[in-house]
Amino acid sequence: MANEILDYFEMCRRESSSLQRGMNFDVGKGYSVILVSVRPKAPYPDRFEDDGSTLIYEGHDTPRSEAVPD
């Protein structure tokens, strides 16, 4: 499963859970799940560096507003 990229529905099926946006801490199995998209035109500039060992994550669960658009 290392370096495997799953779509949302497959990930929820494997976890037997309806995962929410952003970070899902301790999903009850001793680990956490972070939802990211590295596809072109993704809404956040998430990316992997250092041959995939480092994740740059933008914090998707921050609500946007007129005062805080980004």
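This one's a predicted model, so the numbers in the text were calculated from it and none came from an experiment.
- Evaluated for a side-chain contact (heavy atoms from CB on, under 4.5 Å) with Ser17, the options Arg13, Glu15, Arg14 yield exactly one hit, Glu15.
- Closest of all the heavy-atom pairs between Cys12 and Ser18 is SG-CA, 4.2 Å.
- Atom OH of Tyr31 has more than 12 neighbouring heavy atoms from other residues, nucleotides or ligands inside a 6.0 Å radius.
- Put simply, the side chain of Tyr57 never gets that close to the backbone of Arg47: no donor and acceptor are under 3.5 Å apart.
- Taking each heavy atom of Asp7 and Glu10 in turn, the nearest pair found is OD1-N, 2.8 Å.
- If you chain together hydrophobic residues whose side chains sit under 4.5 Å apart, Tyr44 and Ile56 never meet in one group.
- Using a 4.5 Å heavy-atom threshold, the side chains of Thr54 and Phe48 count as separate.
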